[in-house]
Amino acid sequence: MPEGPEVKTVARTLACEMVGHELGELWHSHHRLRAAVDYSLLRRVENTVVDGVSAYGKVLFISVDQKPAIMAQLGMTGQLTVTSTKTPVLTHTHLRWPLKDTGRELRYVDPRRFGLIAPCDEEQKEAIINRLGPDPFLMTDNDYTSVIEAMRRSRRVIKDILLDQSIIVGVGNIYASEALFLAKINPSRAGSDISISEYQGLIKAVVVVLTQALKNCGTTFSNYVDGSGKKGDNLAFLKVFQKDGEPCQECRTPIIRIKQAGRSTFYCHQCQA
DNA sequence: CCCCTATCCTGAGGGC
DNA sequence: TGCCCTCAGGATAGGG
């Protein structure tokens, strides 16, 4: 569910809730998440103090005692929040982790179980980041060049390339459509057929779209919430995502929905010819 | 190698 | 009301 801006928002709000507090005794459900979680390893983090929560792309990292300790991927429906221990426990709650002396706890709720919570040391964190592309917010000139080269090398369709986290991180199904609309690029064009100047516009559009989403604390169209349980405000700013049949905000042509790699893409046939 | 499909799951919503 | 279908913010094994 969450894309880069949502995960960054979760990290920021969780940091607020968790940093400086000591983790208590972990509880977990018997359900398996996307992969089997080594809970005994995760339990080694009990009785340590959280000192940071960060995000790289759609991956979230929690560190204790100046060392990475936990990584989380929220998949489609994962929610990582801190609430009062007295808040009723939702079905599909897979993890409860008290923050000592606060009356509050970290909870992981994930109906579809496509997400993952796992222990994670320094090396593992490095390995995860190494197989991901650059963060569009932190890109150097060299990153720009190599990202564009990687995209031009691919014969896949540009929409699919944008979703590929090994090329660039943080773009998911909502913001891929939104960025292509802003850059006026047809989602079905092959990566190899797009010019360098068009790519420069596209990367700029990705940054604009993600920056706006981050400013609005993410897009909630169904169940996304931040680390404090708050919804995002970015839904009202979307121009094409899930707007099939509605008139394009630029030219009034109805927005079209197509399927690419099994996922919906929304675009304006006129503006993105 | 690269690319595509199916798959992991539950729940919401529409048509009949 | 219920049944069946499609769809949903993601990632990845494995087949062609």
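Sequence lines set the chain letters: A, B, ... in the order given, protein chains first and strands last, and positions in each chain run from 1.
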Please check this pair: side chain of D244(A) against backbone of I255(A), looking for a donor-acceptor N/O pair closer than 3.5 Å.
no
If I pick the P atom on dA6(B) and the same atom on dT6(C), what distance separates them, to the nearest angstrom?
13 Å
Pairwise C1' distance, dG9(C) and dC3(B) [rounded to whole Å]
23 Å
Quick one: is dC7(C) close enough that its OP1 or OP2 comes under 4.0 Å of any side-chain N or O from R263(A)?
no
Under a cut-off of 3.5 Å for both distances of each Watson-Crick or G-U pair, what dot-bracket string does DNA chain B give, using [ ] for crossing pairs and | for inter-strand pairs?
.|||||||.|||||||
Show your reasoning for whether side chain to side chain donor-acceptor pair (under 3.5 Å) applies to Y144(A) and N142(A).
CA-CA 5 Å; Y144(A) 259 88; N142(A) 277 350; over 6 Å; no
Would you kindly give the CD-to-P distance between Q242(A) and dA8(C), to the nearest whole Å?
7 Å
Do K239(A)'s NZ or CZ and the ring of F181(A) fall within the cation-pi criteria of under 6.0 Å and 45°?
no
Any side-chain N or O of K259(A) less than 4.0 Å from the OP1 or OP2 oxygen of dT6(C)?
no
Note: chain A reaches DNA chain B at heavy-atom distances under 4.0 Å over the stretch, first to last nt, 5' to 3', of dC3(B) to dG11(B)
Are L26(A) and L14(A) co-members of a hydrophobic cluster defined by side-chain heavy atoms under 4.5 Å apart?
yes
Side chains of S166(A) and D164(A): donor-acceptor distance under 3.5 Å anywhere?
yes
Linking I/L/V/M/F/W/Y whenever any side-chain heavy atoms sit under 4.5 Å apart, do I196(A) and L182(A) land together?
yes
Counting N and O atoms only, with roles assigned by atom type, does the side chain of T13(A) sit under 3.5 Å from a partner on the main chain of D226(A), one being a donor and the other an acceptor?
no
Taking only residues at least two apart or on different chains, which pairs with a member in residues 87-97 of chain A satisfy side chain to side chain donor-acceptor pair (under 3.5 Å)?
S29(A)-H94(A), R96(A)-E105(A)
With a 4.5 Å cut-off on side-chain heavy-atom distances among I, L, V, M, F, W and Y, is there a chain of contacts connecting L90(A) to V225(A)?
no
Taking atom P in both dT5(B) and dC7(C), compute the distance separating them and give it to the nearest angstrom.
15 Å
DNA chain B contacts among residues 107-123 of chain A, heavy-atom distance under 4.0 Å
P111(A), R112(A), R113(A), F114(A)
Sub-3.5 Å donor-acceptor pair from the side chain of T85(A) to the main-chain atoms of G103(A), do we have one?
yes
Could you state the atom-to-atom distance from CG of L74(A) to C1' of dG9(C) in whole Å?
10 Å
Any R131(A) side-chain N or O less than 4.0 Å from OP1/OP2 of dT12(C):
yes
Nearest to the side chain of R34(A), which nucleotide is it out of dA11(C), dG9(C), dA8(C)?
dA11(C)
Between dC9(B) and dG14(C), how far apart are the two P atoms, rounded to whole Å?
15 Å
Can you check whether L60(A) reaches Q73(A) side chain to side chain, under 4.5 Å on heavy atoms?
no
Is there a residue in residues 145-162 of chain A whose heavy atoms reach under 4.0 Å of DNA chain B, and which residues are they?
S154(A), R155(A), R156(A)
Whole angstroms only, please: what is the CD-C1' distance between Q165(A) and dG9(C)?
12 Å
Residues clustering with I258(A) (ILVMFWY side chains joined when closer than 4.5 Å, directly or via others)
I256(A), Y267(A)
Between K58(A) and dA11(C), is there a side-chain N or O to OP1/OP2 distance below 4.0 Å?
yes
Is there a path of hydrophobic side-chain contacts, each under 4.5 Å between heavy atoms, that joins L116(A) and V109(A)?
no
Any base atoms under 4.0 Å from F221(A), or only sugar-phosphate, or nothing? Heavy atoms, all strands.
base
Hydrophobic cluster identity match, I203(A) and L162(A), side-chain contacts under 4.5 Å:
yes
Taking any heavy-atom pair under 4.0 Å as a contact, classify R32(A): base, sugar-phosphate, or nothing.
nothing
